[in-house]
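Letters go in sequence order (proteins before strands), and every chain restarts at 1.
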Amino acid sequence: MFEPRSRAYLTDPNAFEQAILSVWEQDDLLAQTAAARKDADPFVFYEGPPTANGRPGIHHVLARTLKDSVCRYQTMRGKRIERKAGWDTHGLPVELEVEKQLGISGKPDIEKYGLLPFNEKCQHSVFTYKEEWETLSKRIGYLLDYDHPYVTFHKDYIESVWFLLSRFAANDLLYLGSKVLPWCGRCGTGLSSHEVGQGYLDIDDPSVWINFPLIDAPGKLAGAALVAWTTTPWTLPSNMGVCVHPDFEYAIIEHDGGRYILLESKAQGVFGEDGWEVVGKVKGSELRGLSYTPLFDWEGGRVVHEGPNHHIVVVDDFVSDEDGTGMVHMAPYGADDFRIAQRDGLQAVLAFGDEARAVAEIAGVALGTFFRDANKAFVRDLKERGRLLRISQYRHSYPHCWRCETPLIYYPSPAWFLRTTAYKDQMVEGNKHICWAPAEIGEGRFGEWLENNIDWALSRDRFWGTPLPVWVNEDDPEDWICIESFKQLEHYAGDLGENFDPHRPVVDEITFPTPTPGKSGTMRRVPQVIDCWFDSGAMPLAQHHWPFENRERVTEQFPASFICEGLDQTRGWFYSLHAVATFLTTHDTSLWESGELWGQPLPRLKPGGAYESCMVNGLLLDKDGVKMSKRLGNIVKPADAIKEHGADAIRWGLLAGGAAHLSRRYDDKGIAEVRRRVLGTLSASYDFFALYARMENWRADDPCPDRSEREPIDRWVLSQVATAAAENAAAWESLQPANALRSLETFIVDELSNWYIRRSRRRFWGAEGEASQAAAFATLYEVLQATLRMAAPVIPFLTDALWKELTGSNESVHLQLFPDANHAEDLVAGAIDQPLSEAMDPILRASSLGRGIRERVQIRVRQPLAKMVVHIANEGKLGGSPRAYEAAIREELNVKQVEWVDGTPDFLQVKAKPNFPRLGKRAGKDMKALSAAIAQLDRATVFDLQGGGTVDVSVGDNVYTLEGDDISLQTESAAGMEASTDGFVTIGLVTELTPELEREGLAREILNRLQTQRKESGLEVQDRIAVRLRGSAEVQAAVEEHGPWIAEEVLAPQGLTWVTEIDADSNDAFRDWELPNNQKLSIAISKITLETA
RNA sequence: GGGCCAGUAGCUCAGUUGGUUAGAGCGUCCGCCUGAUAAGCGGGAGGUCAGAGGUUCAAAUCCUCUUUGGCCCA
């Protein structure tokens, strides 16, 4: 107990923290916490599952620290929190990682390698980094149940996901549609956006302008042709429509006997400088639904969307007026195109199929021609038939297959969708009840995304993922079923066996006769797996194998009170959680109707989204503001940083470094600063306490004065710590940890260490009497306890170590409650004393001003001064009187007398300033003139206003009656002495020195040299000494006058011995010092034991 | 191309019902204190609040545009 710890901590924070960590593991802190909060109200936290297929970086430390700190805070508010770890284990990144390991790439390679061994590798790979993640997470103090994680590839987890999908199917929200995907014809495979991103190349393509003659167009449009532009002539046979912007105004242009429609600004690019004229205008929306003559006459092809409309004008605002003509040729090889085709019922037919080769003979292009090789023939044909207006070359960046460098096509493939648009309104409504930090994310980024919701493309043509549990009748594509459980599958397909693994390819082998009455045929699973975002979105339910098990538990643990992830999760996990939960709890009414499922009660889950609050954190950049990446080699390795600074300093640095949601820079120097300035000060404050508590044999149960009996500065620091606790709690509740840390840092550094402890030091060694000493010990003891509890959520290691030393207990600080001045049981109950805090503020200001004056006039603080005057503007409005702290200011500035100025002292120049918020509303436009008039008020009037009088000020025709609250008084300067002001506090120092003051100053100089020599002689603070002095006459005079005081201060019980004559033998013991004004002093010190004293 | 966010001192960042001296830490210069001592503290210098325009008696703060950077999406 009361062992000093700061040296150990500051020299090797890593070792210091490791020791605490092993105690936590030994004691099983998580279990202790759970036991302590067994019957408490739950605070529900969901851990967003990281993908364990890469090494954790310093940005993961940020996210994990935020989560941990909030959870630790809530635990200290008395809440019970389950902290279940989780792993996101499916998906493309895992497959890519394994491809890399195996030295293969692409779907054909994987199929060749074999699905079974490939998926085994995937499963294995997932946990390659698991240990590294766990070690790091534990090391940074992220308290989590790593022994019982949820894992998305586990059988139980998959079964829950299947159940949820079956609910979508039961509500007719699961359907087979088409999705336009980037496609490599040569490899015969779709590419992920991640793969597309790495394959852009510059290529030359023909740039062609085509016309589409309108059929039966009315009025001014009669005989006109639409003009569109494209760089992909091979898509022209598949033209299914022309899209215009509803709000654009198009020009009707006559050129060379023809009539054309396009944007006027684009006409020159098609028809040249002149030779054309605008003969009319037409708005995009007026063209809607018109028919035109198709470009090619051909048959065959693959129909990918059946629709009643062929070759018509459609409108959409995706059309831009930058490239092209403001009209877009629509073909099923584009995402926007396909979306519009589905919306407006366009017939969509592909001329080029799976291998990007022609599937029909068109315009002399043979069957099987590669798509880009068809461009020339099509262009020639169109030109011959007068459908081509212009052609040129166009160089642009175009996606290529990263494996074979073949240009990609965008191609509609079969895909399964969730009809999330069916309950979009519920999602938007639910979002309004989520508390977002910061709020903008919820209203803006997430809200916008929900408003523009489109159906969720759920399926993936991949291998390692939750298999889509849809079985389709081989003979009848309309006859399909979505399996809800393994039991149901067994019901149809027979025993699955003990070690059934629902992954591919095992699950692909399972077939059964169709259960649909009146139909025949074999049911076979579709080849797709599902988007792994659905896995993670299902996590609130699937983590507990709901509804197969744990129905009650899920009811309690849903929704989450709090989640926290990076900004990039807006359209990821934040959405998938929200979409799955909103469907289940607000849309799937048939599930809840009976109150039971499979003959067991099914408690209703709270309707709405999956989380009540969501904290979003931004990116962590390197120290130069550049994104960290492997390529640039600027990644900060967490292990290195921890070894250097320890986890606490990093945790504090990351959380205090700015608003959590902004991108921030990771600055190693910043972390070092935190360690020294904040954590160093906190541990040194504890050490100070510990040092004197041991020396004075202080015990926590020693009698101490009642709070109200203690000195004002004691009550002040208690008030400050209680205020800081209230501010901290408010910041944590509103998910703004940076604000909590700012307030905490101010308290620790400025208030506790630099003011309270520094001002109170003498009291701890009894220099101010026993009662004062007892009050000081009790106060600092209480304040340190409160401070440690307050800081514990952020710096769990240091606080726990100091807590155990301070309290002599083995019980962790993390089991304690957060300090709360409003809680009657609390240590700082009722300590907030606003008037006291207000009263102390001018004292701190005055000290600062006084040091500034001394600096300016070059009189050091050691030299006492006779008098200072202090004036505080609007002093009467303060809650308490600063005059109670006169002693503090006297000692701090070393002056004999403080004169508090009332009334209208002549030396003080004052100025009235308008109270703008108050007067601005009344005066409006007159404010400027009124402000000038107030500045002109004479001092008598100003002081009269302060005293409760009123004055009329006229501005133009208006007269304003001002009272005290309408102005604020500012002091400008003080005449006749060395003065300084900050506008509210003005002080003046009388700097004349009397011989008495000079002697006292000299005495302090002597004391200073004595203390220095003491220390440099290696003496302990409590050692007694004998002192011999010699020196100049003025020094001797000072010693004669102040000797007893000096002797007391340096612990020289025998007094000071002035030596005039010395013999050669003892000369060596003397050390010479230079004092100001060429005064000479020599000192000899020797240690004496108490017995000889 | 669309949505969202950000630009404040050399550096890292605070600063909203709009209110007149725009703050802190680090760095730098100068100094101080020491019974917390391999620490600590104070003072000075340093800002056209990205740029332009607008609203207002009053703008870092609200609006518009421009610009730079970031994230997500296409």
List, with names and distances, any nitrogen or oxygen atoms from the protein found under 3.5 Å away from nitrogen or oxygen atoms belonging to nucleotides 43-47 of chain B.
{"unit_1": "B:G43", "atom_1": "OP1", "unit_2": "A:Ser848", "atom_2": "OG", "d": "2.4"}

I'd like a table of atom pairs between the protein and nucleotides 55-60 of chain B - only N or O on both sides, under 3.5 Å - with the distance next to each one.
{"unit_1": "B:C57", "atom_1": "OP1", "unit_2": "A:Lys925", "atom_2": "NZ", "d": "2.7"}
{"unit_1": "B:C57", "atom_1": "OP2", "unit_2": "A:Lys925", "atom_2": "NZ", "d": "2.8"}
{"unit_1": "B:C57", "atom_1": "O4'", "unit_2": "A:Gly924", "atom_2": "O", "d": "3.3"}
{"unit_1": "B:C57", "atom_1": "N1", "unit_2": "A:Gly924", "atom_2": "O", "d": "3.0"}

Might you list the N or O atoms of the protein lying below 3.5 Å from N or O atoms in nucleotides 38-40 of chain B, with each pair's distance?
{"unit_1": "B:A38", "atom_1": "OP1", "unit_2": "A:Arg7", "atom_2": "NH2", "d": "3.0"}
{"unit_1": "B:G40", "atom_1": "OP1", "unit_2": "A:Arg676", "atom_2": "NH1", "d": "3.3"}

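Applying the salt bridge (Lys or Arg N to Asp or Glu O under 4.0 Å) rule to A:Arg762 yields the partners A:Glu768, A:Glu1049; only residues at least two apart in sequence or on another chain are considered. The side-chain hydrogen bond (donor to acceptor under 3.5 Å, both in side chains) test applied to A:Thr779 returns A:Arg710, not counting sequence neighbours. Take A:Glu751 and apply the salt bridge (Lys or Arg N to Asp or Glu O under 4.0 Å) test, not counting sequence neighbours, and it matches no residue. A search for ring pair (Phe, Tyr, Trp, His ring centres under 6.0 Å) contacts involving A:Phe446 returns A:Trp436, A:His578, not counting sequence neighbours. For A:Glu891, the salt bridge (Lys or Arg N to Asp or Glu O under 4.0 Å) partners are A:Arg759, not counting sequence neighbours. Remark: A:Ala649 engages A:His645, A:Ile671, A:Arg675, A:Leu679 in a side chain to side chain contact (heavy atoms under 4.5 Å, CB included) (not counting sequence neighbours). With sequence neighbours left out, A:Ser734 forms a side chain to side chain contact (heavy atoms under 4.5 Å, CB included) with A:Gln736.
Backbone-only engagement by A:Arg742 is indicated by non-hydrogen atom pairs under 4.0 Å involving sugar-phosphate atoms exclusively. Contact annotation for A:Ile757: base contact, defined as any heavy-atom pair under 4.0 Å involving a base atom. Note on A:Glu1049: a base of the nucleic acid sits closer than 4.0 angstrom, heavy atoms only. The residue A:Arg862 sits close only to the backbone: its heavy atoms come under 4.0 Å of sugar-phosphate atoms, none of a base. A:Tyr692 comes within 4.0 angstrom of a base, heavy atoms only. Here A:Leu10 lies out of heavy-atom contact (under 4.0 Å) with every strand.
Minimum atom distance to the side chain of A:Lys913 is reached by B:U20, of the listed B:G19, B:G35, B:U20. Side-chain proximity of A:Arg860 to the nucleotides B:C33, B:U20, B:A36 is greatest for B:C33.
Sorted by first and then second residue, the salt bridge (Lys or Arg N to Asp or Glu O under 4.0 Å) pairs involving residues 736-750 of chain A (not counting sequence neighbours) are A:Arg677-A:Glu745.
Nucleotide B:A36 holds its P atom 21 Å from the CG atom of A:Leu679, rounded to whole Å. Rounded to a whole Å, the CZ atom of A:Arg854 is 12 Å from the C1' atom of B:C33. Atom CG of A:Leu1010 is separated from atom C1' of B:C33 by 16 Å (rounded to the nearest Å). Note: CG (A:Asp687) to C1' (B:G35) measures 15 Å, nearest angstrom. When the P atom of B:A36 is taken as reference, atom CZ of A:Arg763 falls 16 Å away, rounded to whole Å. In this structure, CD1 of A:Ile454 is placed 13 Å from C1' of B:G2, rounded to the nearest angstrom. Residue A:Trp449 contributes atom CH2, which lies 18 Å from atom P of B:G2 at whole-angstrom precision. If you measure from atom CD of A:Glu891 to atom C1' of B:C41, you get 17 Å, rounded to the nearest angstrom.
The P atoms of B:A22 and B:A9 are separated by 14 Å, rounded to the nearest whole Å. Taking atom C1' in both B:G70 and B:C33, one finds a spacing of 46 Å when rounded to whole Å. For the C1' atoms, the distance from B:U8 to B:G51 is 14 Å, rounded to whole Å. Distance check on atom C1': B:U64 versus B:U21 gives 31 Å, rounded to whole Å. Nucleotides B:A24 and B:U68 place their C1' atoms 26 Å apart, quoted to the nearest Å. Annotation: B:C63 and B:A74 have their C1' atoms spaced 29 Å apart (nearest Å). B:G7 and B:G15 are spaced 15 Å apart, taking the C1' atom of each and rounding to whole Å. Remark: the separation of the C1' atoms in B:U20 and B:C49 is 15 Å, to the nearest Å.
A salt bridge is defined here as a Lys NZ or Arg NE, NH1 or NH2 lying under 4.0 Å from an Asp or Glu carboxylate O, and A:Lys669 with A:Glu673 fails to meet this definition. At a threshold of 4.0 Å, the pair A:Asp316-A:Arg343 counts as salt-bridged, since one of the basic side-chain nitrogens sits closer than that to a carboxylate oxygen.
When the options A:Tyr692, A:Phe764, A:Trp698 are evaluated for a side chain to side chain contact (heavy atoms under 4.5 Å, CB included) with A:Leu780, the one that passes is A:Phe764.
Counting heavy atoms from C-beta on, the side chains of A:Arg1014 and A:Ile1085 come closer than 4.5 Å.
For A:Glu3, the CD atom is densely surrounded, since the number of other residues' heavy atoms within 6.0 Å is greater than 12.
Side chain to side chain, A:Asp966 and A:Tyr960 fail the donor-acceptor criterion of an N or O pair below 3.5 Å. Between the side chains of A:Gln1013 and A:Trp1073, at least one donor N or O lies within less than 3.5 Å of an accepting N or O. With 3.5 Å as the limit, one finds a donor-acceptor pair spanning the side chains of A:Tyr575 and A:Asn453.
If you find the closest nucleotide of RNA chain B to A:Pro917 and to A:Lys669, the one lying nearer the 5' end belongs to A:Pro917. Heavy-atom distances to RNA chain B give each of A:Glu673 and A:Asn1008 a nearest nucleotide, and the one nearer the 5′ end belongs to A:Glu673.
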Worksheet item: Given Watson-Crick or G-U pairs with both distances under 3.5 Å, what dot-bracket string fits RNA chain B, with | for other-strand pairs and [ ] for crossing?
Response: (((((((..((((.....[...)))).(((((.......))))).....(((((..]....)))))))))))).
